[in-house]
Amino acid sequence: MFGLLVLSNCGVKNHDIFPSPQRFVVHWYFSLANAVAGTSGLEPSPLMPERIEQPYAGINDEVTLRGAAELSKVFAQSGYKLETVRQGSSVPELYVINLPDDLNQQPVESKINDFVRLLLPNVLAVNQQILKVRQSLMSMAKRPTESLTAKETVWLQGLANDYGLKERDVKSGESKAVDIKLLLQHIDVIPTGMVLAQGIDESGWGTSRFAIQGNALYGEHLPQSGGKYLTTPGGHVKVAAFDSLYQGTAAYIYNLNSSSAYYGLWQLRQQLRVQGKPVTGYELVGALVDYSVRGQAYVDNLRSLIEHHHLDSYDSVELTPELGRKRIKFN
């Protein structure tokens, strides 16, 4: 298995992330199926965000900037203000692919606002994709198992495999029917406020070397299959690097939704849903005592960030392409 390296001021802690390389076969098949769905009779099978290689493929407008000051201007020209977002719940689709290397040179208030604004659309897009998969699962859960098509069954088995839920009959060796209700416990969104808070804490408001050079806001170990990476001082630990902030965020959410270390988080999230209560970042971070060697102090700091910067207020906002839609990258 691959590992997640959670970097903090007080030490390092490992967690399991990502399915093993041999589990990719089913999803590459369905990636192709998605590409031709609607033209060849294949049923749409939404991919989980951690499986999407080109998250910005459908956006043609792209701008290349030289630094954080130019990013602030683009946000201003688009009318993208956090206060306006909190009041109106609409976020322009301005997808920042990678971080500028000079956020730390900006005035404190600008750095804070720009980091939240650049990360927010990516977080919303990842959660939106998870909801597409979740909605498909909820629809299937209402149907008799025998009504599922062969393609739907293979899709379900692929998801169950990725989340460590695939079971085989002891005698025949054949895959058992997927428990969709159990799968739904894993395939669910992480509150936007919680993602923002952890991104802030782990990357130092987007100023860490791993964040700037590798879009690694959350610090994954290099997987066994290889790939892009950065090393810690001394080269003792290889940290996975990503092509975009979307992919780095998707990997982090996958870790939370798949690693047994976060069983308490899944249970709490499900409990809140059953009780009809809001699933907020402030509530869920309480299940992250084991995420960092800082323990309860880590949880307390996340809750402080969420409260001070009103991060949970972004849980109900939505992407609105009419307000702008483009890719933004830095050299």
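If you read the sequence from its start, that first residue is 1, and numbering goes on from there.
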Validation row: Ile200, Leu119 side chains within 4.5 angstrom (heavy atoms): no
Stepwise side chain to side chain donor-acceptor pair (under 3.5 Å) test for Tyr56 and Asn122: CA-CA 10 Å; Tyr56 314 109; Asn122 281 290; 2.6 Å; yes
Residue pair Leu288 / Met194, side-chain heavy-atom distance below 4.5 Å: yes
Gap separating the CG atom of Leu183 from the CD atom of Gln157, nearest 0.5 angstrom: 11.5 Å
Donor-acceptor under 3.5 Å (Asn257 side chain, Asp188 main chain): yes
Connected via hydrophobic side-chain network under 4.5 Å: Tyr314 and Trp205: yes
Where Leu103 and Ala68 come nearest, the two heavy atoms and their spacing: CD2-CB, 4.0 Å
Check against side-chain contact (heavy atoms from CB on, under 4.5 Å), Trp155 and Leu47: CA-CA 9 Å; Trp155 180 69; Leu47 291 170; 5.9 Å; no
Heavy-atom neighbours of Glu318 CD exceed 12 at 6.0 Å: no
Exam field: side chain Asn98 to backbone Lys329, donor-acceptor pair closer than 3.5 Å: no
hydrophobic_cluster_shared for Phe115 and Val108, side chain cutoff 4.5 Å: yes
Flag, side chain of Glu70 to backbone of Arg66, donor-acceptor distance under 3.5 Å: yes
Any donor-acceptor N/O pair, Arg86 side chain to Val317 backbone, under 3.5 Å: no
Gap separating the CD1 atom of Ile130 from the CG atom of Leu137, nearest 0.5 angstrom: 11.5 Å
Any donor-acceptor N or O pair under 3.5 Å, side chains Gln247, Glu53: no
Test item: Tyr291 side-chain N/O and Leu256 main-chain N/O as donor-acceptor pair under 3.5 Å: no
Side-chain heavy atoms of Val239 within contact of Tyr229, under 4.5 Å: no
Residue pair Tyr298 / Glu202, side-chain donor-acceptor N/O under 3.5 Å: yes
Asn215 vs Tyr246, side-chain contact (heavy atoms from CB on, under 4.5 Å): CA-CA, chis, key distance, verdict: CA-CA 9 Å; Asn215 293 310; Tyr246 178 103; over 6 Å; no
Sidechain-backbone polar pair: Arg117 side chain, Phe75 backbone, donor-acceptor under 3.5 Å: no
same_hphob_cluster(Val123, Leu323) at 4.5 Å side-chain heavy-atom cutoff: no
Check: Asp179 and Leu165 side chains under 4.5 Å, non-hydrogen atoms: no
Straight-line distance of Glu83 CD to His310 NE2, nearest 0.5 Å: 9.5 Å
Donor-acceptor contact below 3.5 Å, side chain Ser208 vs main chain Gly204: no
Heavy-atom side-chain contact between Glu93 and Pro121 under 4.5 Å: no
Flag side-chain contact, heavy atom, 4.5 Å: Tyr218 against Val195: yes
Greater than 12 external heavy atoms within 6.0 Å of Gln275's CD: yes
Thr84 side chain to Tyr80 backbone, donor-acceptor under 3.5 Å: no
Donor-acceptor contact present, side-chain Asn301 to main-chain Asp201, <3.5 Å: no
Main-chain N/O of Gln135 paired to Ser139 side chain as donor or acceptor, under 3.5 Å: no
Minimal non-hydrogen separation, Ala250 against Val126, with atom names: CA-CG1, 4.0 Å
